[in-house]
Amino acid sequence: MGEVAGGETKQSSLVFAVNGKRFELFDSDIHPSTTLLEFLRSHTHFKSVKLGCGEGGCGACVVLLSKYDPVLDQVEDSTVSSCLTLLCSLNGCSITTAEGVGNSKDGFHPIQERFVGFHASQCGFCTPGMCVSLYSALVNADKTNRPKPRPGFSKLTVTEAEKAIAGNLCRCTGYRPIADACKSFSADVDMEDLGYNSFWKKGESDEVKMSRLPAYNHNHASSKFPEFLKKEIKAGANLCSKLYHWYSPTSIEQLQSFLQKNEAEDGTSMKIVVGNTGMGYYKEQEHYDKYIDLKHIPELSIIVQDQTGIEIGAAVTISKAIEALKQNKIGDFPLDSKTVFKKISDHMEKIASGFVRNSGSVGGNLMMAQRKQFPSDIAAILLPVEAIVNIMIGQKLEKFTLEEFLGRPPLDSKAILLSIKIPSWESTKDISSETDTKLLFETYRAAPRPLGNALPYLNAAFLAEVSFSRNSTGATLNNCRLAFGAYAAKHPIRARTVEKFLIGKVLSVSSSLAVGFLYEFLSPLVRTPDEIPGDQFNGYNSALLHVDYNNELKENCDELNGTKISTLLSSSKQIIQSSNEYHPVGQPVTKAGAAIQASGEAVFVDDIPAPSNCLYGAFIYSTEPLAWVKSISFKSGSSPVGVTAVISAKDIPGKNLGCRSVFGDEPLYADELVQCAGDRIALVVADTQRHADLAANLAVIDYDKENLNPPILSVEEAVKRGSFLEIPPFLYPEQVGDFSKGMAEADHQILSAEIKLGSQYYFYMETQTTLAVPDEDDSMVVYSSTQCPQIAHETLAQCLGLPANNIRVITRRIGGGFGGKTIRAVSVAAACAVAAYKLQRPVRTYLNRKTDMIMAGGRHPMEVTYTVGFKDSGKITALKLEILIDAGVFQDISIMMAHTVVETLKRYDWGALNFDVKICKTNLPSRSAMRAPGEVQASFIAETIIEHVASSLSIEVDTVRSINLHTYGSLGLFYKSSAGEPLQYTLPAIWDKLAVSSSFHQRTEMIKEFNRFNKWRKRGISRVPIVQEMIVKPTRATVSILNDGSIVVEVGRIEMGQGLWTKAKQTAAYGLSLIKCDGSEELLDKVRVIQADTLSLIQGGFTGGSTTSESSCEAVRLCCNVLVERLTALKEKLVEQMGSLRWETLILQAYVASVDLSASTLFLPDSTSSQYLNYGAAVSEVQVNLLTGETTTLRTDIIYDSGQSLNPAVDLGQIEGAYVQGIGFFMLEEYPTNSDGLVTANGTWSYKIPTMDTIPKQFNVEILNSGHHQKRVLSSKASGEPPLTLAVSVHCATRAAIVEARRQLASWSGFDKSNSEIFQLEVPATMPVVKERSGLDSVEKFLRWTMGTK
């Protein structure tokens, strides 16, 4: 038993349930630092909880946590991040994972079935967390007393459905189908708003649609809290062993006793926890001997409301605080107080995500702000309302204002925050006075994501008491409190100097010193209702300008405030044409394996149960860009806990080879010399992944830089020192036309303009992972999350010094790849294999997100200088480019980049195209293929040149784009081997069709009108094309028919969410149906695609380049042709005998007759079909908030030519997902490094991929069926990568909006407006970048201009 202070004893076991199963752990079974995620993945068979970030920032590990209150006889359900939740804090709790929501054995939940039907799962790694998040929302909505919903629906609202998964990240889908699956449960959903799905057909009635949705009964929504657990409810566990303690005090007195006892025991470290969410940000590596859980102390967990305000216990979760502030029950609270409480709660809903707010405490948030300068929203918004904090220091209770609390030196661990008091507020009333007094309170937040899950760049909160004279205009500021908090600031502050100046002032434009938020807060007060300007309306119709003062005040505040803008997605259209020519190919069949992905039963590499005696690895990498490695040691002076070995270059039995490919070799480990920050030095191997990661963090490298030249850390330095990778002549593109002649024909020239492009990280949800298992006869089986098992196989054989037939690489599926698991995954597999071979024990690794980001390399940065000549009309006559591509330190695929960049640049008719491309070798991590490698950069280069030409001529950008589109004649000149026949050039038709379907020209005029009437919001619109060359590669497949008629398909390429298995299944069903016997038309359900195995199917090739699916399908089709030919004679004979023949009978007789029912084929595309062009176009419209720089994508319309789609549902997902990933590159994702080239954005806190609230609010996609193409695989075209380049339209539209802002700024400043159009908008165009380009001092210039016109 665990002994605690006061002589009491408590249970020494921990009891909880997972999916209804009882678990009891004793103090010797578990360390208090163990997270729920670690326990579930290592001690249970429930693998749906995935480790995506370890920070509570992605939602992949979300579970439903249920707690039973025996007093109220109620169950409280909420989502939490299992990667942050400490297992010891869960005594008496019930956990539900995705398997517990529904599974293949007990039946899938309607959530999972609808995710399948709405095509809302691609790689599937994030899907279980999404399903649990939605399940929690359904459970809690159906507990409310809202009206009974329609049959099949829940009490959930559309807004709640979308917000339910706002904190969950997905890199594949683009979110739109996920949102539709969630909204399909909402009582208030308009069925017309739900997008493309497999449940109903276009034009069917709402009643039919509802009947076809998987049935949902809201009466059965509640989670099932186990009855056995209700009988074992106890306050909290107290676990003790010789080495550690977990205490759960139930009173302040017990807590004080624990603290005193700890102080008396010198040398023991202690951690105080509530939700442990701070670990997601600070990632502490310290070892703690004692943990104290504050959740069970009533005084810290209660919320007290009285006439003086609301007091919130420090251990109250942020979610519960929000609920209390929104639903305060004191009827006679002043209205002003209720407004203050409501706005505080609205702002708090933007902190982190729901599953973090459900466990993170208000007190913990404020203590991090006080002790560690955490950028706390809560601290900023509570400052102006003069919140009071109650603190216990030792035995002493003290009270401070929040401002005093934040300003104190950091409190030590003995200080405990007990509660926070938010005072009641009421404006001063004087009936006899001739003034009306009003209390105003607003909070503001400028952040990368509107719905939260991102730290703010800036937040603020203002409280003011204002008097309005009944006899005159204007308002007097009686009192004000202005608080600001900024990222990287020490803590939020009061702007007391400004407050002092403003108090007592009669506000007018001349006396308002406001900027940004302050301007928005005060500006309505300087106008009378009759003076409301036209810039307050939110729309295009200038007749809608009549609003009253209160509405103006609200709009003026809402205009800026990210916490107020609606983030709901609008109704979107998906126009798709399915085909029956090759049935079931061409049909929108749901993704193979989607249901088990939703339930978490789909097995990824790290889900494979650990073999007995398994060890775990973590990389030790360099933090220097170029240095000799003298030694490796550990900070503690001895090997950390659990470490078995440190494997380095000297332990490699064969060649020091991390990857061998046609592009070049890369060493596995730095052998004495590290050549970049992030270079692999060694693999530390330990008994658990946690111990391995901790040991790697404790590693100390002794470097020596003597006799070394300075590292090359830029392409400029590479040019100076002649550090280049050689591009083979056959990979270097041909110049087009006569550049000198083209320049001579030009009316205008732009000389030596420059473009810089940074990198992008893959952010696959599953990081690099491998399991290597030594097998008999000196062989090795390696399970790798790789896009190219063949390269891994060849590399491992040489690295281990073994024959290739002793190596087997197996890959079933991967949790996202995007090119990052083509070459970069091989070295991870090699490291595990070398360690396993040396130690003769299984070794696995799962890279933590930080390590993965540091070592990944990512997209190629570039610097471009261009010279362009053009006519008065905007027709370009010649273009010359000097392109410097940063390859990093090793070749990887970089020598291919010259080809991919130039071929994509050819999308326009430049007249003549001249270029000089250099691949620069630098001391930076090796860059690798990333979805649309080189192509996405080239799309930006092309559009930047087009926009520069338009700006120089002061003509519409779209006019310049249109005049420079290819004719069929110029297309053949630029794309000699892939232009195809004239009828195949569909871009002109797409370009015109999109203009009509998107109302492009009408909206362009409406936007001009909008911009004329709006000062602080500007809109922009842009239309851009795709012309992208595709290359079909040789691919192998095997098709086998088993004796019961079921079919097994094996392809060498990898399923990573792109629907390869689905399309392969469809093709096999089509190919074998040509035997034409009874039942052969329904073969789809009999087909199973199995994992890639390099000894079972050789020459598998690599998965990438967008054409994997079509080439694999053609290989499958050729196999089926062979099998049909073998079966035909037997079939004809049996039909003669039997009259009719079923498929199963035919196959059984084929076995009896010893017909060979397995066929293997290597598809080799001929020269006439190996290359073709993809076409498409997009229109995007954005709105920019000039006061913050926030950019909202209002609408995107895409038309994409996919030939005859093999599966339009899959291709739709590829188009949308690629496009949203492109938005990330162009608008959001920064991948910076320090001065040594070490990546500094190393997790979800600092690296922001798109989320539900950053995609286009209206997202319309049409997949054009351009008919039969004899030389295409079943008439299809690729869809995986080209749509990503269309996201440049969002960047171009943003630039257009900024141009309008700069013109306005120029008019206020008295400058020439024409100069405002020529500027470069960086990539990514983040909020700070857009704000800077729009005018950092726009408010000041407006005020000066206004004063000057008075």
Side-chain angles (χ1 to χ4, degrees), residues 172 661-663 730-731 733 762 764 786-791 811 814 816-826 859-860 892-904 906 927-939 975 977-978 1026-1037 1051-1060 1063-1064 1092 1099-1115 1162-1165 1167 1169-1176 1200 1202-1203 1206 1210-1211 1214-1215 1217-1218 1221-1222 1271-1273 1276-1285:
C172 297
S661 71
V662 294
F663 306 113
F730 71 92
L731 287 177
Y762 306 97
Y764 26 60
T786 177
Q787 292 175 239
C788 191
Q790 178 184 333
I791 293 179
T811 304
I814 65 177
F818 316 114
K821 294 179 180 175
T822 304
I823 303 296
R824 309 316 301 158
V826 177
R859 199 179 289 283
H860 288 75
D892 204 282
I893 59 94
S894 295
I895 58 173
M896 295 290 298
M897 293 299 291
H899 174 83
T900 59
V901 169
V902 172
E903 291 305 307
T904 306
K906 293 178 181 178
R927 310 299 178 177
S928 193
M930 183 172 179
R931 197 175 195 175
E935 295 145 354
V936 67
Q937 296 98 318
S939 68
Y975 294 99
S977 60
S978 53
I1026 296 176
V1027 179
Q1028 193 158 322
E1029 187 176 62
M1030 297 285 105
I1031 300 175
V1032 181
K1033 304 176 190 68
T1035 308
R1036 181 176 290 281
V1051 291
R1053 306 297 177 85
I1054 304 304
E1055 172 61 55
M1056 54 187 185
Q1058 83 280 44
L1060 166 62
K1063 291 178 176 179
Q1099 298 172 291
F1102 71 89
T1103 307
S1106 298
T1107 58
T1108 290
S1109 293
E1110 63 197 83
S1111 56
S1112 296
C1113 286
E1114 181 63 7
L1162 179 65
F1163 162 55
L1164 295 169
S1167 58
S1169 62
S1170 63
Q1171 293 174 283
Y1172 63 89
L1173 296 179
N1174 266 60
Y1175 305 109
Y1200 185 81
S1202 66
L1206 297 174
V1210 167
D1211 286 341
Q1214 288 292 285
I1215 293 166
Q1221 194 170 98
K1271 295 179 180 179
R1272 301 280 71 77
V1273 174
S1276 69
K1277 284 187 169 188
S1279 61
E1281 292 175 295
L1284 190 147
T1285 68

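This structure is a prediction, so every number in the text was calculated from the model and none was measured. Just so you know, residue 1 is the first one in the sequence shown, and it goes up from there.
- Looking at residues two or more places apart in sequence or on another chain, you find a side-chain contact (heavy atoms from CB on, under 4.5 Å) between L1164 and P1034, L1162.
- Proximity of a side-chain donor or acceptor of K1271 to a complementary backbone N or O of Q1171 within less than 3.5 Å is not detected.
- Side-chain contact between Y764 and I814 is absent, with no heavy atoms from C-beta onward closer than 4.5 Å.
- Applying the salt bridge (charged side-chain N to carboxylate O under 4.0 Å, His left out) test to every pair with at least one member in residues 1101-1112, sequence neighbours left out, gives no pairs at all.
- Scored by the side-chain contact (heavy atoms from CB on, under 4.5 Å) test, A1037 finds V1051, A1115, V1116, C1119 as partners (sequence neighbours excluded).
- Within the structure, salt bridge (charged side-chain N to carboxylate O under 4.0 Å, His left out) pairs that include any residue of residues 1026-1035 do not occur (at least two apart or interchain).
- Between the side chain of Q1028 and the backbone N or O of N1174, no donor-acceptor pair lies under 3.5 Å.
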Is there a side-chain contact (heavy atoms from CB on, under 4.5 Å) between K906 and V1027 once you walk through the steps? CA-CA 8 Å; K906 293 178 181 178; V1027 179; over 6 Å; no

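- Y1175 meets the ring pair (Phe, Tyr, Trp, His ring centres under 6.0 Å) test with Y985; sequence neighbours excluded.
- What you find for S1169 and V1032 is that their closest heavy atoms are O-CG2, 4.0 Å.
- Using modelled atom types, no side-chain atom of S1276 and backbone atom of L1206 make a donor-acceptor pair closer than 3.5 Å.
- For R1053, the side-chain hydrogen bond (donor to acceptor under 3.5 Å, both in side chains) criterion is met by T1035, T1108, not counting sequence neighbours.
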Step by step, work out the side-chain contact (heavy atoms from CB on, under 4.5 Å) result for H860 and I893. CA-CA 10 Å; H860 288 75; I893 59 94; 4.0 Å; yes

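- The distance from atom CG of L731 to atom OG1 of T900, rounded to the nearest 0.5 Å, is 10.5 Å.
- Between the Q937 side chain and the G934 main chain, a donor and an acceptor come within less than 3.5 Å of each other.
- Listed by chain and residue number, E666, D892 satisfy the salt bridge (charged side-chain N to carboxylate O under 4.0 Å, His left out) test with R824 (two or more places apart in sequence, or in another chain).
- Residues forming a side-chain contact (heavy atoms from CB on, under 4.5 Å) with P1283 (at least two apart in sequence, or on another chain): Y1200, I1215, A1218.
- S1202 places no side-chain N or O within donor-acceptor distance of the main-chain N or O of K1277, the cut-off being under 3.5 Å.
- A1278 approaches M1030 most closely through the heavy-atom pair CB-SD, 3.7 Å.
- Nearest heavy atom pair, residue I1054 against residue A1092, reads CD1-CB, 3.5 Å.
- The two residues T786 and K821 make their nearest non-hydrogen contact at OG1-O, 3.1 Å.
- Across T811 and P789, no two heavy atoms sit closer than the pair OG1-CG, 3.8 Å.
- Residues P1282 and E935 fail the side-chain proximity criterion, which asks for heavy atoms closer than 4.5 Å.
- Under the rule for a ring pair (Phe, Tyr, Trp, His ring centres under 6.0 Å), Y1172 has no partner lying at least two apart in sequence or in another chain.
- Under the side-chain contact (heavy atoms from CB on, under 4.5 Å) criterion, S1109 pairs with Q1058, L1060, K1063, not counting sequence neighbours.
- Contact record, Y762 with S928: OH-CB, 3.2 Å, taken as the closest heavy-atom pair.
- Taking E1114 as the reference, R1117 meet the salt bridge (charged side-chain N to carboxylate O under 4.0 Å, His left out) condition, with sequence neighbours excluded.
- The closest side-chain donor-acceptor pair between E1281 and S1106 falls under 3.5 angstrom.
- For the atom pair CD of Q787 and OG1 of T822, the computed distance is 3.5 Å after rounding to the nearest 0.5 Å.
- Residues satisfying the salt bridge (charged side-chain N to carboxylate O under 4.0 Å, His left out) test with E1055, not counting sequence neighbours, are K591.
- Taking CZ of R859 as the start and CZ of R927 as the end, the distance is 11.5 Å to the nearest 0.5 Å.
- In this structure, the side chains of F818 and C172 come closer than 4.5 Å at one or more pairs of heavy atoms.
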